[in-house]
Amino acid sequence: MKTTDTLHVLLSDMHTGSNKALFLASHWQSKKTGVNHSPTNEQIGIRKQWDKFTQETAKARKGKKVRLVMDGDAIDGVHHGGFDLCSSDPLEHADIHIQLMAQFQKSIGWQRGDELYYVKGTEVHVNDWENYVGDELNAVSVSDFLRLDTNGVVSWFVHHGKGAGMGDSEGNAIRNWLKAIRNEAMKDNTETPDIIYTGHVHQPTYSTYTYRNSMQFRNMHGIVLPSWQLKTRYAWKVAPVSKNRIGGVLHEIK
């Protein structure tokens with residue numbers, strides 16, 4: 001199988017449609033209701049981070065194949081009685097998301113051979129809209145679980161994993177989860193992934209678990225991705241002291 005240096009470009013929890021999340025750079029008007037929305041000061045700040053990430057991705061992808069994965073919660077949807085939305089129509093959330101992603105692909109120099117994947121997020125947010133988004137953007141697949149083999153490195157992608165933890169316990173839940181996955185693989189004689197990417201909690205972290213196979217030692221890597229949404233009223237209620245981190249992840253696999 002032909003291999004080439006590959007850049008995993010990881011996005012998660014964009015929650016498009018939320019007035020606390022990344023939005024278009026310009027004024028937007030609903031074609032259905034006539035509702036207007038211009039980016040808020042918070043969204044302008046998120047946009048600056050998005051533009052920086054886009055520039056870094058364009059630079060990092062030179063000479064490499066891109067595998068772009070949106071790891072769940074592409075749109076915010078209408079949920080939890082939320083009111084801080086640009087539109088009450090999830091179709092409009094999906095269409096705005098498509099614009100954002102198409103602009104991102106163009107800006108990073110999307111080319112033949114690059115691949116786009118969608119992992120399904122939290123049902124209350126996205127329902128089945130990620131299927132629509134994936135179809136419109138010609139994604140390779142839209143699935144609850146994604147497995148990719150990149151140059152012999154096996155990656156698993158799921159939206160819901162473990163929390164990052166706080167203070168001295170940060171990373172412990174991820175490490176124990178990786179250990180449990182390895183133990184189950186040994187029992188069933190099935191595959192042990194090299195990397196597991198998750199999202200959902202909006203608080204990124206990284207942890208590893210080292211295991212021995214005969215006298216060879218290998219590392220499993222657990223990566224919780226950041227989000228593109230600031231804390232909402234609901235988030236302040238369920239996770240009042242947790243911090244959001246805005247951004248994406250670039251992971252080069254040679």
Practice task
Carefully, step by step, assess Trp177 and Lys179 under the rule side-chain contact (heavy atoms from CB on, under 4.5 Å).
Solution key: CA-CA 5 Å; Trp177 188 45; Lys179 181 179 180 180; over 6 Å; no
Nearest heavy atoms of [X] and [Y], plus distance in Å:
{"X": "Asn151", "Y": "Thr4", "answer": "ND2-O, 2.8 Å"}
{"X": "Ala74", "Y": "Met14", "answer": "O-CB, 3.8 Å"}
{"X": "Gly248", "Y": "Pro226", "answer": "N-CG, 3.9 Å"}

Quick check: do [X] and [Y] have side-chain heavy atoms less than 4.5 Å from each other?
{"X": "Asp71", "Y": "Leu11", "value": "no"}
{"X": "Leu22", "Y": "Gln43", "value": "no"}
{"X": "Gln111", "Y": "Arg61", "value": "yes"}
{"X": "Ile246", "Y": "Ser227", "value": "yes"}
{"X": "Thr54", "Y": "Ile108", "value": "yes"}
{"X": "Ile174", "Y": "Tyr209", "value": "no"}
{"X": "Leu178", "Y": "Thr208", "value": "no"}
{"X": "Asn19", "Y": "His37", "value": "yes"}

Completion exercise
salt bridge (charged side-chain N to carboxylate O under 4.0 Å, His left out) filter on Lys187, not counting sequence neighbours, yields Glu184
If hydrophobic clusters are built from ILVMFWY residues whose side chains come within less than 4.5 Å, do [X] and [Y] share one?
{"X": "Ile196", "Y": "Val153", "answer": "no"}
{"X": "Trp228", "Y": "Leu137", "answer": "yes"}
{"X": "Trp28", "Y": "Leu91", "answer": "yes"}
{"X": "Ile98", "Y": "Leu100", "answer": "yes"}
{"X": "Val69", "Y": "Trp156", "answer": "no"}

Side-chain donor or acceptor of [X] paired with backbone N/O of [Y] under 3.5 Å:
{"X": "Glu130", "Y": "Asp73", "answer": "yes"}
{"X": "Ser141", "Y": "Ser143", "answer": "no"}
{"X": "His159", "Y": "Asp144", "answer": "no"}
{"X": "Asp128", "Y": "Asn131", "answer": "no"}

Handout entry: Residues Asp95 and Lys31 bridged, charged N to O under 4.0 Å
Key = no
Handout entry: Short N-O contact, Arg67 and Asp114, less than 4.0 angstrom
Key = no
Handout entry: Residue pair Cys86, Ile96: steps toward the side-chain contact (heavy atoms from CB on, under 4.5 Å) verdict
Key = CA-CA 10 Å; Cys86 71; Ile96 294 169; 3.8 Å; yes
Exercise for the section: Quick one: do Tyr211 and Met220 satisfy side-chain contact (heavy atoms from CB on, under 4.5 Å)? Show the steps, please. Expected result: CA-CA 8 Å; Tyr211 65 92; Met220 294 174 68; 3.6 Å; yes
Output the distance between atom [atom1] ([X]) and atom [atom2] ([Y]), rounded to the nearest 0.5 Å.
{"X": "Ser18", "Y": "His93", "atom1": "OG", "atom2": "NE2", "answer": "8.5 Å"}
{"X": "Met101", "Y": "Leu68", "atom1": "CE", "atom2": "CG", "answer": "4.5 Å"}
{"X": "Thr198", "Y": "Leu225", "atom1": "OG1", "atom2": "CG", "answer": "6.5 Å"}
{"X": "Thr210", "Y": "Arg175", "atom1": "OG1", "atom2": "CZ", "answer": "9.0 Å"}
{"X": "Ser107", "Y": "Trp50", "atom1": "OG", "atom2": "CH2", "answer": "9.0 Å"}

Exercise for the section: Might you confirm whether atom CD of Gln29 has over 12 heavy atoms from other residues, nucleotides or ligands at distances under 6.0 Å? Expected result: yes
Practice task
Please indicate whether Arg147 has more than 12 foreign heavy atoms, meaning atoms of other residues, nucleotides or ligands, lying under 6.0 Å from its CZ.
Solution key: yes
Handout entry: Asp76 and Leu85: CA distance, side-chain angles, deciding distance, side-chain contact (heavy atoms from CB on, under 4.5 Å) verdict
Key = CA-CA 8 Å; Asp76 203 49; Leu85 303 169; 3.3 Å; yes
Completion exercise
Test ring-ring contact (aromatic ring centres under 6.0 Å, His included), reference His200, set His125, His15, His160, output is His160
Practice task
Determine the sole option in Tyr118, Phe145, Tyr197 for which the ring-ring contact (aromatic ring centres under 6.0 Å, His included) test with Phe157 is passed.
Solution key: Tyr197
